[in-house]
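Here's the structure, in structure tokens; my notes come after.
Chain identifiers are assigned alphabetically (A, B, ...) following the order of the sequence lines, protein sequences preceding nucleic acid strands; residue numbering begins at 1 within each chain.
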Amino acid sequence: MAAHRCSWWSWLLILFSLSVFVVADIHETTPVNDHHGGVDHNAQTAEQTADQPAVEERRWEATEVKEAATVDAAADIQGTSAPETVVPSSVPQPKDDFQEELVIRPLHSGDIYASFQFRTLWDTDFMRENKVSHYRLFPKSLGQVISKFSVRELHISFTQGYWRTMQWGQPFIPSPPGAELWVWFQDSVTDVDATWKELTNVLSGIFCASLNFIDSTNTVQPSASFKPLGIGNVTDHSFVRYATLPREIVCTENLTPWKKLLPCGSKAGLAVLLKSEKLFHSSFHSQAVHIRSVCQDWQCKTTSWELRQTLNSVFDLHNSGQTKREWSLFKMFSRTLTEACPLASSSKLYIDITDNPQGEQFELSPATSLLSQAVVLGDRRTFSVYDLTQETTFGSVRSLNLLIRWKSNEGEMLRPLLHAERYVAGYGLQTGEIHTLMYNNHPYRSFPVLLLDSVPWYLRLYIHTLSVTSKGKDNKPSYIHYEPSKDRVKPHLLEMLIQLPPNSVTEVTVQFERALLKWTEYPPDPNHGFYVGSSVISSLVPSTVAMHTNSTQERPLFSSFFPCKEESSYFVRIYTEPLLVNLPTPDFSMPYNVICLTCTVVAVGYGSLYNLLTRSFQIEEPNPGLAKRIANVIRRMRGVPPL
Amino acid sequence: MAVMQVDRRRGQLAALSIAAVVIIVGVPLWWRTTETYRAWLPVSQIKDLAKLQLHLSADVEVVFARGTVTPEQQKKVPLTQTQDEEHTVDEDTTLRYRYETKYRTATIMEEDALKKPTAAEADLSLHMLSESPCGSLVVYVIPESSSLLPEDVNVYIGQRRTALVRISAQMRVGKTLEQLLAQLEPQIKQVLQVMSFSHTDITVALSDRVRFRPGNKESIADSMRAFKSSPGYEITFSLLNPDPKSHQLHWDIEGAVQTYIQPLLTKLSPLANFSMDSQTLYYTMLGVTPRFDSSFEAYTLNADSLAHVINPVEARLGSNAASSNPVLNFLLYVPDIRHSPLYIHDHRKQEVPSNAFHSPRWGGIMVYNVNGFYGSETEFPVHVNINMAKVMGVFLAQLRLLLGVQSLSPPPGFLVAPCGSAGLADWELDRLMWSRSVENIATATTTITSLAQLLDQIGNIVINDNIAQQVSSAVTSLQLAMAELEVGNLGFALQYSKEAILASEKAFFDPSLLHLLYFPDDQKFAIYIPLFLPMCVPILLSMLKIVSEARQRRREKQAKKE
């Protein structure tokens, strides 16, 4: 037996070395450009460069495998790796896992809310020193960012449009208009600010966004509002950084790199629906990347990294010229679904049919018998589920084009329990007042909320004018964390814990003064106004149904983003509108005018002084008066001697 | 009249004193407040660097084994001998090579080592006896009767820094020692050309300074292939699976990298820092659709179209987010089921046996066919375990080429020992270090001199202290590196040359150099004119008036005298 094996090995070795001994003696001889090598162009080159203008400098050569290298390699095979075989049974269990899902919720306003979630879980440790990293499903660029900058948790979102809570209810994953980035660093980071600066620059390269405009003037360290969503009980808020760019405009160039992070790209699975021409033709668009570490089992003995890519959009089908109230996947995305991503362990499409238990509101085709119930944001919802990994889902036409046809317009939306809005009051360009209104629509329960306000330095807050009133009475916050701004260095940070009484409106007002900027500090188009990022309201809202506290339990992705600690309440984060504030804006030719005017004034003053000093003055005979001169003229005409 | 004269005198004095104040206080004040800050640069030293004189010196030890020299010859063996060679590359660059040859006879332990049955064993035991420093060589001259080398081999080049030279019979018989040494010299020189620097290598390394004019296309290809010297490299292995529905690929890249690539990189670690990672990319298509060739029953990719293959793939590869070092890409492409099997054809329409190509200064790509696993009733997806030994053999060969390890063909009569498990012999590393040090020095000198020239030409550029500091440290490191090369300390020379290149690049690409560069002159005048014109015109006019009056008065005086 041993001899047999030995001969098998030697046979393999001989075969293998034979295959590489036949060394290709080829050199493709495309001459290089003139300025590189100084070789004359011949006809062939000219032809080739005409063919391939972009790649003319790239030369290709067949690889000759040197015998020495491969003999070593061949010698090593015996010890290390098995020859290529089909191994159906002994496939190593991959340590990563990919899931995708799409939730569609018909909204009462007649709009459609579509929420994509893609989750990659990877059982690895980025923080190990000098480790060669091997990526399979997890994108390499993000993995390198995590390990280089020692990131514990990273949340980044790009949003176009404002989420209308009163019309649409709560989103699965909230985000403010513009770009938002918040990061928790590992305790091992010594210079958090420098790391943060470098990280934002790298991320702006990865996502093609202006995140490089994040600097100390718009970065804050929230003390309570942004706690890690993954595992780990960190309380030292010197390792967290939060910044928003409310002015950031989100478009195709941000979507393309986001799609590139998906293992299947936009070639297969749910991501084929993400066509930018339809996606950006919507009332609301938000794409986000969330990286954190999560527990693998309920005891949390092992952890793994989770990358969650979400994309939410609200389609307004009334305004886009639809006369009939019906929509389909094809109408929304101009694509239909034909297959799941082959790398995904689960690929599901959920339709929210809670308000349509008997089919009296809308009709769904093709119908599915698969139903699922999930507790989302304190509410038990029912979903029709289409499992894309099953062949039967696609039917005989091999494509899934979901269609909803409305039958009636009725139905009342449950008012969201927590809601907030914000505006600027006051007149003139000197002072103003920021009003933040928070609504507690719960009929009998009061609950606390954390309000975070980050106001740029050029609005100088008068913190002594801060007042919090609910139901006409003063409502004293139980916790206030205020960091005053520093001109051109850091923004104001105001965090408050406020108890909202049941069924009430709480109003927070604070007055500010508008600063006059230096003329180089104004952005292009300064008369558009200056954006002030959204306030963030985080709260544990009392729930009517029991929430699931076990985070590792198998649940739809959209219901498992915020960890839930107790059954009786659920976590909600709300963003208010961003503010657009006008600052006193100078006329920008002013500096030159000022220079000219000053110089003229100086020149006039200096000129007269100079004349006074250098000229000599003498008394002249006074001129005869006008009347006398006229009289003389007349006298001369009459021939009389003058006066 | 006298009162008027006094008045005029006072006016003139006032005008003069105002002019004096403007010149003594105003002009320096204006000058100081609008001056751009320019820190001091070592200009004269930089000018010296523009004229580069490189001295390279290598230590060679020639050891005579017993039976090669007679006892009376032994006594006359000279202790050292130096050889100088000078080349002028162009008007600004001269090269001087110096080989310091030391002669001695073998010690007893070395004799024992030379009595080993094979050359490889002798090489190993000689290495155990004494470790020669980086950049130096030991040549053992052995008698013709020695059985270490096969019949037709006269020179054996070991894995470390030793070579064995067999002395031939007619060389020795009845000749004086001088003649013997003269006979040996060409052979030793050949050994040096192979194991240490050669003039071609060094001129190629100088290509940043001197425009390299190669003789033929082959040598351009050689000079263009390797990556430029850099303090670090990122190596990325990518498995491209365009068809994950039909193929489930498993590659043990972790193990393969440890077994095949890591030993080479550990050996190369004095040269640069290497970091490695790997990724799997799905649904990545090549830029060209392969054509079906019925004569081969396979799909083929022509050498002409290879240039188009990579561009769409490159968009997916992603640049390294964490560093700015050059990236070496190695792609393993498993063709999708509809284009399988896929073979690469060269210009002569011949199949390339390794089925792999490499692109200079970019990386390599290998096509790995898995059509052998399709049976008539195979269930898709097919699970394939990739044979990493085959793949890594190709990638290792490509990596050696891209890093500039030249696998030159030895002259006749030479036997080169196969490089061991590290994939790189010590002397190969030395060769690489010689050319990399020279390349670094050449690049750093060009960077520094062009920076100095730029700063000299554009007076508006602010030179901050940190830039001046970087420039001076680059200049110091350059001088140190050149001094170390001159005395033959290769390791230190490389270290200093790396520091020089880092400092010079840092200074050259500093963003602060750009701040005031584009402040246009017309705007400057637009701001100055409203201030200067009304101030200066009265002063100038009154000066002119004073001068003309003085001249008139002198003329009147002369007229009076006459």
Side-chain angles (χ1 to χ4, degrees), chain A residues 20 22 24 26-29 31-32 37-38 52 55 58-63 65-66 68-70 72-74 76-77 80-81 83-88 91-92 132-136 140-141 144-145 148 202 206 263-265 267-268 342-343 595-596 599 603 606-607 610 613-616 618, chain B residues 4 7-8 11 14-15 213 217 220-221 224 244-245 250 252-255 257 259-260 276-280 282-283 303 306-307 318 321-322 346-347 352-354 356-360 364 373 383 385-389 392-394 396-398 407 418-419 421 423 527 530-531 534-535 538 542:
Chain A
V20 288
V22 192
I26 318 126
H27 270 284
E28 187 197 311
T29 46
V32 225
Q52 24 180 292
V55 285
R58 197 163 271 170
R59 302 175 66 262
W60 288 87
E61 298 171 56
T63 303
V65 180
K66 290 300 282 187
T70 26
D72 281 339
D76 277 328
I77 325 174
T80 54
S81 73
E84 47 186 305
T85 40
V86 183
V87 271
V91 173
V132 184
S133 356
H134 302 285
Y135 300 91
R136 200 176 80 95
K140 186 174 79 125
S141 52
Q144 282 173 335
V145 166
K148 179 172 182 196
V202 168
I206 291 178
C264 280
K267 297 275 173 47
L343 306 162
I595 289 172
C596 284
C599 291
Y606 160 83
Y610 188 83
L613 287 175
T614 56
R615 293 270 160 101
S616 50
Q618 22 184 298
Chain B
M4 241 177 89
D7 224 27
R8 276 176 81 92
R213 287 175 209 286
K217 286 170 183 168
I220 316 180
M224 295 271 303
K245 259 187 128 174
H250 305 280
D252 177 28
I253 183 73
E254 236 155 303
V257 155
T259 320
Y260 302 103
M276 275 185 289
D277 45 29
S278 79
Q279 60 181 342
T280 312
Y282 300 93
Y283 289 105
L306 283 168
D346 58 34
H347 281 292
V352 177
S354 58
F357 266 71
H358 64 266
S359 171
F373 300 109
H383 292 269
N385 235 357
I386 288 170
N387 181 352
M388 291 314 281
M392 282 298 154
V394 173
L396 200 59
Q398 288 174 340
S407 23
C419 44
S421 55
I527 288 171
L531 183 65
M535 291 271 259
S542 46

Contact check, side chains of A:Pro342 and B:Tyr282, non-hydrogen atoms, under 4.5 Å: no

Of the backbone (N, CA, C, O) and the side chain (C-beta and beyond), which part of A:Leu613 lies under 4.5 Å from a heavy atom of chain B, both, or neither? both

Interatomic distance, A:Arg136 atom CZ to B:Ser278 atom OG [nearest 0.5 angstrom]: 11.5 Å

For B:Tyr283, what residues pass the side-chain hydrogen bond (donor to acceptor under 3.5 Å, both in side chains) criterion, not counting sequence neighbours? none

Closest contact, heavy atoms only, A:Tyr610 versus B:Ala15: OH-CB, 3.7 Å

By salt bridge (Lys or Arg N to Asp or Glu O under 4.0 Å), B:Lys245 pairs with (sequence neighbours left out) A:Glu339

Top contributor to chain B contacts, counting heavy-atom pairs under 4.5 Å, from A:Gly265, A:Pro263, A:Ala603: A:Pro263

